[in-house]
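The structure under discussion appears below in the form of structure tokens.
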Amino acid sequence: VGGEGGAVPPVDDADDGGVRHMAAEVSAWIRRERSLPRDTPASLAASHLPPHEQWSAEPRLFAYESASRSGRRRYAACHFGLFCDRYWRGTTLGHRHFYELIKELTACRLYLDIEFCKAANGGIAEGDEDALLVQLTDALCRYLGRHYEVGGELNRGCVVDLDSSTPKKLSHHLVLHCPNGALFEDAGAAGAAVKAFVGELADRLATDAEWKMENALLAKYLFVAKPAKKGDTPPTPLSPPSEEDGRASPPPPGGSSPANASFPDKTSCLVDLGVYTRNRLFRIIGSTKYGKPPEAALRIARNNRFAFPEGFSNDKFYLLEGIPSSQQQPTTPHSTDGEESHDDDNNYKRETVHRHSYQQFRTVMDWSAHARALADTLVVPLYSSKVAHPVATRRATTPGGRSARLPAELPQRTGRARPAGAPRPYGGRKQPLPSPYPLLDAAVTTLASRHGVPGHVRCFYIDSYVHAVHGGPADVITYEIAGNRYCDVVGRPHKSNGVYWTADTGTGRMWQGCYDVECR
């Protein structure tokens with residue numbers, strides 16, 4: 001049974017009949033699941049899918065940071081049910097360093113990575129931290145409700161809020177569940193929606209005084225100071241809008257400008273916009289980054305309103321294994337030797353209870369709540385390759401006259417990224433050369449090889465919009481460069497982040513950008 005998608009722990013001989021019955025039941029469900037054809041409607045797929053995610057035999061790919069290899073990442077391919085068993089019941093909290101792989105061109109839920117350094121921004125009170133996330137989540141739900149077809153009204157109950165904050169850093173992961181189960185076409189489409197959302201917030205920050213009063217914390221922390229590094233000058237706040245038009249003039253999207261070429265901006269967005277690249281790794285619930293303390297594990301946030309399965313909460317996995325008292329954060333300050341001894345006794349009792357609970361958990365037959373919780377927090381939903389999901393498409397028109405990001409000629413997609421054999425149309429989809437602009441192709445191909453390093457254009461993608469001045473259509477075409485990572489923003493090649501060139505046919509401008517968050 002373990003090889004078929006769900007490991008069963010050792011039991012006594014008296015329970016052998018129960019185990020055999022469960023093994024036969026699980027095997028039958030696995031055969032029905034594997035017989036399910038692709039793009040099956042959700043109403044028809046339910047009868048073929050196991051009643052518990054812990055029995056799922058869907059193949060999934062996860063990455064993990066190996067302690068035996070000093071944190072280097074390795075990959076594990078296995079059935080989801082088997083992974084859940086090994087993850088929740090076979091791996092202690094201090095050794096969980098696992099990530100979900102969001103494969104390129106795979107339909108996914110909308111996700112956000114929220115983070116900033118508390119020390120570099122004067123700290124933030126616990127209550128203000130919760131209020132900040134509430135304001136951001138409410139603004140996101142309102143934005144998506146206005147601009148996207150998501151099958152109903154969005155609220156905080158549709159958003160999974162996971163927290164891995166520490167005293168030094170605020171860090172949250174948000175994963176959206178659309179009311180009708182709609183998914184975005186891929187991570188790039190989700191990223192386009194989030195970037196447009198942040199752009200709208202930036203516009204309101206610069207022009208709408210009433211909005212700033214109603215969302216004071218979000219206005220304060222939307223753009224935050226980055227932690228100073230060795231040799232850096234102290235970060236400075238954003239400059240106020242100019243008196244001429246009342247608006248700040250941002251640099252070209254994702255690119256460099258003369259103003260920041262020599263003096264990189266020391267501020268960054270509260271929402272990390274660099275997590276929407278191809279084949280992205282996203283940490284899963286219960287895991288920490290390698291080298292971080294167990295207290296930094298990704299856990300359910302205090303202010304989360306998403307309904308997790310009954311019987312699942314932080315105390316079921318967070319500190320479940322009985323972390324030694326020396327690794328736990330003190331619950332009360334120690335002022336006297338007597339109080340310190342009393343706290344040590346409480347920690348010892350709490351550790352003993354956690355260890356006993358964990359040993360019991362490893363022998364139970366039903367741990368479906370843990371498997372369901374992990375499935376609910378994944379960016380790529382379970383069975384998304386077989387069950388047809390509606391696509392969260394942008395509405396035909398938006399306020400301000402901007403056209404939809406996805407052209408009307410694009411078909412309604414199912415949960416699969418692209419039907420087999422279908423052509424890859426324009427409209428934000430990555431594809432190889434040639435593009436509709438051969439002169440730009442030739443110019444960027446020449447620019448790809450610079451400073452003695454040969455490079456080439458890996459792919460391009462096009463986003464269309466309506467020009468604000470002449471009202472005609474215009475394209476923004478982006479060329480991703482392979483083989484050469486030289487970046488003009490920092491004046492040197494990046495170690496791991498790629499670079500790209502972007503041309504705007506509406507303004508006649510072209511600039512170089514990169515995927516390094518520090519440069520952006």
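Sequence positions, counted from 1, serve as the residue numbers for this chain.
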Given 3.5 Å as the limit, does a donor-acceptor pair link the side chain of [X] with the main chain of [Y], or not?
{"X": "Asp186", "Y": "Thr106", "value": "no"}
{"X": "Ser449", "Y": "Pro454", "value": "no"}
{"X": "Asn121", "Y": "Cys117", "value": "yes"}
{"X": "Thr377", "Y": "Ala373", "value": "yes"}
{"X": "Asn314", "Y": "Ile300", "value": "yes"}

Inter-residue atom distance [X].[atom1] - [Y].[atom2], 0.5 Å rounding:
{"X": "Leu140", "Y": "Leu112", "atom1": "CG", "atom2": "CG", "answer": "5.5 Å"}
{"X": "Leu154", "Y": "Leu144", "atom1": "CG", "atom2": "CG", "answer": "6.0 Å"}
{"X": "Tyr276", "Y": "Cys108", "atom1": "OH", "atom2": "SG", "answer": "9.5 Å"}
{"X": "Phe62", "Y": "Leu101", "atom1": "CZ", "atom2": "CG", "answer": "9.5 Å"}
{"X": "Leu174", "Y": "Cys158", "atom1": "CG", "atom2": "SG", "answer": "12.5 Å"}
{"X": "Gln135", "Y": "Leu201", "atom1": "CD", "atom2": "CG", "answer": "11.0 Å"}

Check [X] against [Y] and note the closest heavy-atom contact, atom names and distance.
{"X": "Ala76", "Y": "Tyr64", "result": "CB-CE2, 4.1 Å"}
{"X": "Val160", "Y": "Asp376", "result": "CG2-O, 4.0 Å"}
{"X": "Trp211", "Y": "Ala219", "result": "CZ3-CB, 4.1 Å"}
{"X": "Tyr111", "Y": "Val275", "result": "OH-O, 2.7 Å"}
{"X": "Ser384", "Y": "His389", "result": "CA-NE2, 4.0 Å"}
{"X": "Ala392", "Y": "Ala182", "result": "N-CB, 4.0 Å"}

Are any of the side-chain heavy atoms of [X] and [Y] separated by less than 4.5 Å?
{"X": "Leu110", "Y": "Leu183", "answer": "no"}
{"X": "Glu58", "Y": "Leu382", "answer": "yes"}
{"X": "Phe80", "Y": "Leu374", "answer": "yes"}
{"X": "Arg283", "Y": "Lys289", "answer": "yes"}
{"X": "Gln512", "Y": "Tyr500", "answer": "no"}
{"X": "Arg60", "Y": "Leu378", "answer": "yes"}
{"X": "Leu82", "Y": "Arg86", "answer": "yes"}
{"X": "Leu298", "Y": "Ile284", "answer": "no"}

For [X] and [Y], take the angle between the two ring planes, folded into 0 to 90°, and tell me which bin it lands in: parallel under 30, tilted 30 to 60, perpendicular over 60.
{"X": "His370", "Y": "Trp88", "result": "perpendicular"}
{"X": "Phe83", "Y": "Tyr87", "result": "parallel"}
{"X": "Phe184", "Y": "Tyr148", "result": "tilted"}
{"X": "Phe460", "Y": "Tyr479", "result": "tilted"}

> So Ser464 and Asp475, side-chain hydrogen bond (donor to acceptor under 3.5 Å, both in side chains) or not? Walk me through it.
Replying inline: CA-CA 4 Å; Ser464 301; Asp475 289 337; 2.8 Å; yes

>> Pairing donors with acceptors under 3.5 angstrom, does anything connect the side chains of Ser164 and Ser171?
In response: yes

>> Side chains of Thr288 and His97: any donor to acceptor distance under 3.5 Å?
In response: yes

Considering only NZ, NE, NH1 and NH2 on the basic side and carboxylate oxygens on the acidic side, decide whether [X] and [Y] come within less than 4.0 Å.
{"X": "Glu200", "Y": "Arg146", "answer": "yes"}
{"X": "Glu100", "Y": "Arg280", "answer": "no"}
{"X": "Lys118", "Y": "Glu129", "answer": "yes"}

> Passes side chain to side chain contact (heavy atoms under 4.5 Å, CB included), Lys103 versus Val380? Steps please.
Replying inline: CA-CA 9 Å; Lys103 295 175 64 176; Val380 179; over 6 Å; no

> Can you name the salt bridge (charged side-chain N to carboxylate O under 4.0 Å, His left out) partners of Lys169, sequence neighbours left out?
Replying inline: Glu115

>> Tell me every residue that passes side-chain contact (heavy atoms from CB on, under 4.5 Å) with Asn303, counting only those two or more places apart in sequence or in another chain.
In response: Asp130, Val134, Arg156, Arg305

> Going by the salt bridge (charged side-chain N to carboxylate O under 4.0 Å, His left out) test, which pairs reach into residues 448-458, not counting sequence neighbours?
Replying inline: Arg450-Asp488, Arg458-Glu480

> Crowded around His494 NE2? As in, over 12 foreign heavy atoms under 6.0 Å?
Replying inline: yes

> Would Trp511 and Asp504 count as a side chain to side chain contact (heavy atoms under 4.5 Å, CB included) if you check the C-alpha gap in whole Å, the side-chain angles of each, and the deciding distance to 0.1 Å?
Replying inline: CA-CA 9 Å; Trp511 59 91; Asp504 188 339; 4.2 Å; yes

>> Exactly one of Asp161, Asp113, Asn304, Thr137 should register a side-chain hydrogen bond (donor to acceptor under 3.5 Å, both in side chains) with His172. Which one does?
In response: Asp161

> How far apart are the C-alpha atoms of Val224 and Thr267, what are their side-chain angles, what is the distance that settles it, and do they pass the side chain to side chain contact (heavy atoms under 4.5 Å, CB included) test?
Replying inline: CA-CA 5 Å; Val224 293; Thr267 59; over 6 Å; no

>> side chain to side chain contact (heavy atoms under 4.5 Å, CB included) for Leu170 and Ile114? Distances and angles first, verdict last.
In response: CA-CA 8 Å; Leu170 181 143; Ile114 313 298; 4.1 Å; yes

> For the residue pair Phe282 and Tyr99, is the inter-centroid distance of their aromatic rings smaller than 6.0 Å?
Replying inline: no

